[in-house]
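Note that the coordinates shown come from a computational prediction; the quantities given were computed from them, not determined experimentally.
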Amino acid sequence: MLGRRGFVAGTAGTAGALVAGAAGAFVTPGVSFAAGRTERVLRGTLPPGSPDYVYLPVEVPHGVREIRVSYAYERPAVPPGTQGNALDIGVFDERGTELGGRGFRGWSGGARAEFFLRADDATPGYLPGPVRAGTWHLALGPYTVAPGGLAYTVTVRLAYGPAGRTPRPVYPPGRARGRGRAWYRGDCHLHTVYSDGRRTPAEVAAAARAAGLDFINSSEHNTHAAHRAWDGLWGDDLLILTGEEVTTRTGHVVAVGTDPGTFVDWRYRARDNRFGHFAREIRRAGGLVVPAHPHATCVGCAWRFGFGEADAVEVWNGPYTPDDEVTLAGWDATLTGPGRWVPAMGGSDAHREPQRVGEPQTVVLADELTREAVLAGLRAGRSYVAESAAVSLAFSATGGRGVRAGIGDRLPVPPGAPVTVRLEVTGAPGCTAHLVTDQGLLHTAPLPASGTGTVEWTTTAAYAAHVRAEVRHPPALPGLPGALAAFTNPVFLGAAP
């Protein structure tokens with residue numbers, strides 16, 4: 001039937017209208033299961049301009065052991081430059097769909113066409129647990145809608161029987177052996193089969209070790225279901241942090257190192273003025289708020305929330321591309337002037353082969369290989385980003401009487417006192433070192449053919465408020481900068497403003 005705002009919706013045998021809400025959606029009337037019936041089919045059509053989320057209520061009777069859902073939707077051809085249909089899916093249990101509430105039971109986005117939940121098991125991306133009686137909600141997310149609308153079919157199947165027992169989740173420990181105070185390599189943006197990745201957690205852990213990483217962060221799209229999926233995969237050589245890629249319609253943010261089992265809601269846009277609340281929720285759970293790929297060109301990927309709540313920003317995402325160059329320039333511009341500075345990070349955002357885990361990787365100075373120490377180093381900006389474990393940097397500034405500051409630190413020297421900046425590079429053959437200040441690029445030096453070399457430059461705090469280093473490959477096109485092999489967070493010079 002035709003509902004408010006022209007939405008067409010219904011179920012097999014039950015008509016209904018969709019109703020819009022701030023976080024998402026007009027809701028259809030509940031679908032119930034008559035005695036002995038175990039399958040219902042829901043059909044509807046969403047027009048262009050649909051709400052971000054559409055909730056389909058399902059009345060679950062007592063005695064249900066398992067819920068199994070499959071869905072399909074029409075994907076008509078569209079003219080070039082026109083968005084086609086793409087429909088995401090997830091589920092909330094009888095505790096409701098309240099924003100930030102306890103009812104979340106899983107999300108697979110558009111990664112799979114079916115899922116199941118029961119007490120002892122669930123499809124990756126979904127949470128095993130009791131199937132209690134009450135009103136559950138299937139959440140549909142019309143990511144893009146073709147001009148002719150998005151026609152969908154959802155099939156819900158119930159299985160009855162003993163409830164089963166939900167296993168106690170086993171989460172990664174917050175400590176690995178490490179090497180004491182040292183530079184540790186990590187990748188904080190990764191995906192597995194628990195969202196839209198193709199690798200299993202075991203394959204990601206193996207790839208992380210092969211890439212020379214010391215830590216990784218579990219960051220699935222809009223679900224924390226993978227937090228319990230790393231049992232047996234950590235070790236003395238690999239710290240596994242838990243987080244989430246909070247994938248809103250106006251930008252993605254990686255929650256890094258939250259308490260295991262923490263769910264962060266994503267059902268809002270920048271215009272809803274909700275992000276600050278959920279950024280604080282991430283920090284209350286012990287994590288960092290890191291906007292991801294701020295200038296990515298995919299629908300909904302570009303960052304619209306501002307950086308006032310950010311603890312760091314993902315400047316380099318995957319293989320270095322022009323949108324990373326734009327992000328780097330934008331981040332660099334924020335380093336000038338008074339106020340809090342936001343450190344830069346990198347992450348592979350690897351989903352599947354041939355995308356490489358650890359390209360790039362963030363190298364952080366931490367007192368030990370623990371969750372708290374790694375996050376403290378990232379928050380302070382005591383880090384640099386490298387394309388692989390083959391590239392290593394050491395970067396510092398030294399003033400009179402031997403006073404010295406490293407990456408992310410401040411060197412308190414008089415404005416006119418000479419300061420020597422020193423960059424040591426290994427593993428970057430054919431590359432060039434660049435020293436960048438608040439005035440821009442001020443010093444360039446080619447590295448030896450071996451890729452191992454040292455660059456020194458003398459300046460003052462009056463001439464350079466900060467200095468950071470870049471190591472770049474030769475330009476692919478004349479007149480354009482070469483791709484990054486590595487870059488550092490800045491060293492600040494002079495007294496604090």
Side-chain angles (χ1 to χ4, degrees), residues 75 86 88-89 106-115 123-126 143 172 185-235 237-245 247 252 254 256 290 292-293 295-301 314-324 327 345-363 385-391 427-428 473 476 483-486:
R75 308 185 194 199
D88 295 340
I89 195 167
W107 182 259
S108 50
R112 47 180 52 89
E114 61 181 339
F115 64 87
T123 298
Y126 294 80
Y143 186 60
R185 294 176 177 268
D187 190 343
C188 292
H189 191 167
L190 291 162
H191 297 281
T192 73
V193 295
Y194 277 76
S195 59
D196 61 344
R198 297 289 178 83
R199 294 182 176 101
T200 65
E203 289 170 333
V204 166
R209 289 182 166 99
L213 300 182
D214 301 294
F215 66 92
I216 59 175
N217 180 63
S218 176
S219 53
E220 308 295 356
H221 292 284
N222 296 346
T223 181
H224 60 297
H227 290 190
R228 62 181 72 201
W230 300 93
D231 190 10
L233 300 177
W234 59 79
D237 62 332
L238 185 64
L239 174 70
I240 300 178
L241 307 176
T242 55
E244 180 183 331
E245 184 173 5
T247 308
H252 302 185
V254 178
V256 179
V290 184
H293 45 65
H295 289 278
T297 57
C298 46
V299 174
C301 292
E314 188 186 69
V315 167
W316 185 350
N317 175 273
Y320 198 75
T321 56
D323 61 279
D324 296 311
T327 303
M345 289 176 51
S348 72
D349 200 3
H351 287 68
R352 59 187 67 83
E353 298 294 341
Q355 297 167 351
R356 297 196 303 172
V357 172
E359 183 190 8
Q361 50 195 242
T362 300
V363 191
V385 183
E387 64 183 358
S388 74
V391 182
H473 293 284
L484 283 178

Is there a side-chain contact between [X] and [Y], using heavy atoms and a 4.5 Å cut-off?
X: Trp234; Y: Leu239; answer: no
X: Trp316; Y: Leu484; answer: yes
X: Cys301; Y: His293; answer: yes
X: Leu190; Y: Ser218; answer: no

Could you check whether [Y] and [X], counting side-chain N and O atoms only, form a donor-acceptor pair closer than 3.5 Å?
X: Asp324; Y: Thr321; answer: yes
X: Glu359; Y: Ser388; answer: no
X: Glu314; Y: His252; answer: no

Quiz item: Quick one: ring pair (Phe, Tyr, Trp, His ring centres under 6.0 Å) partners of His191, sequence neighbours excluded?
Solution: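 Expected list: His189, His221, His351.
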
Exercise. List for me each residue that meets ring pair (Phe, Tyr, Trp, His ring centres under 6.0 Å) alongside Tyr143, sequence neighbours excluded, and say none if there are none.
Key: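 Applying ring pair (Phe, Tyr, Trp, His ring centres under 6.0 Å) to Tyr143 gives none.
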
[X] to [Y] - nearest heavy-atom pair and separation:
X: Val256; Y: Cys188; answer: CG1-SG, 3.9 Å
X: Asp349; Y: Glu245; answer: OD1-OE1, 4.3 Å
X: Val385; Y: Gly346; answer: CG2-N, 3.6 Å
X: Pro201; Y: Ala229; answer: CB-O, 3.7 Å
X: Thr223; Y: Tyr194; answer: CG2-O, 3.6 Å
X: Ala111; Y: Ser195; answer: CB-O, 3.4 Å

Practice problem: Dump the intermediate steps for side-chain contact (heavy atoms from CB on, under 4.5 Å) on Glu387 and Gln361, then the final yes or no. | Solution: CA-CA 6 Å; Glu387 64 183 358; Gln361 50 195 242; over 6 Å; no

Self-check item: Residues Phe215, Ile240; criterion side-chain contact (heavy atoms from CB on, under 4.5 Å); working and verdict
Solution: CA-CA 6 Å; Phe215 66 92; Ile240 300 178; over 6 Å; no

Practice problem: Look only at the side chain of Arg112 and the backbone of Pro124, and say whether a donor-acceptor pair between them is shorter than 3.5 Å. | Solution: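 Yes: the side chain of Arg112 pairs with the backbone of Pro124.
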
Quiz prompt | Under 3.5 Å donor-acceptor, Trp230 side chain and Ala226 backbone | solution =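 The answer is yes, because a donor-acceptor pair under 3.5 Å joins these two groups.
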
Quiz item: How about Arg198: does its CZ atom have over 12 heavy atoms from other parts shown lying under 6.0 Å from it?
Solution: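 Counting neighbours around CZ of Arg198, 12 or fewer heavy atoms of other residues, nucleotides or ligands fall under 6.0 Å, so no.
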
Self-check item: Arg356 CZ: over 12 foreign heavy atoms closer than 6.0 Å
Solution: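 Atom CZ in Arg356 is not packed in, count stays at 12 or less.
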
If I take atom [atom1] from residue [X] and atom [atom2] from residue [Y], how far apart are they, to the nearest 0.5 angstrom?
X: Glu114; Y: Thr123; atom1: CD; atom2: OG1; value: 7.5 Å
X: Ser219; Y: Asp187; atom1: OG; atom2: CG; value: 8.0 Å
X: Glu220; Y: Thr242; atom1: CD; atom2: OG1; value: 11.5 Å
X: Arg185; Y: Asp214; atom1: CZ; atom2: CG; value: 8.5 Å
X: Asp196; Y: Trp107; atom1: CG; atom2: CH2; value: 12.0 Å
X: Leu233; Y: Glu203; atom1: CG; atom2: CD; value: 10.5 Å

Quiz item: Among Ile216, Asp237, Val204, which one satisfies side chain to side chain contact (heavy atoms under 4.5 Å, CB included) with Arg209?
Solution: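 The residue from Ile216, Asp237, Val204 that satisfies side chain to side chain contact (heavy atoms under 4.5 Å, CB included) with Arg209 turns out to be Asp237.
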
Exercise. Could you pull out all residues at least two apart from Ala113 that satisfy side chain to side chain contact (heavy atoms under 4.5 Å, CB included)?
Key: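 Residues passing side chain to side chain contact (heavy atoms under 4.5 Å, CB included) with Ala113: none at all.
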
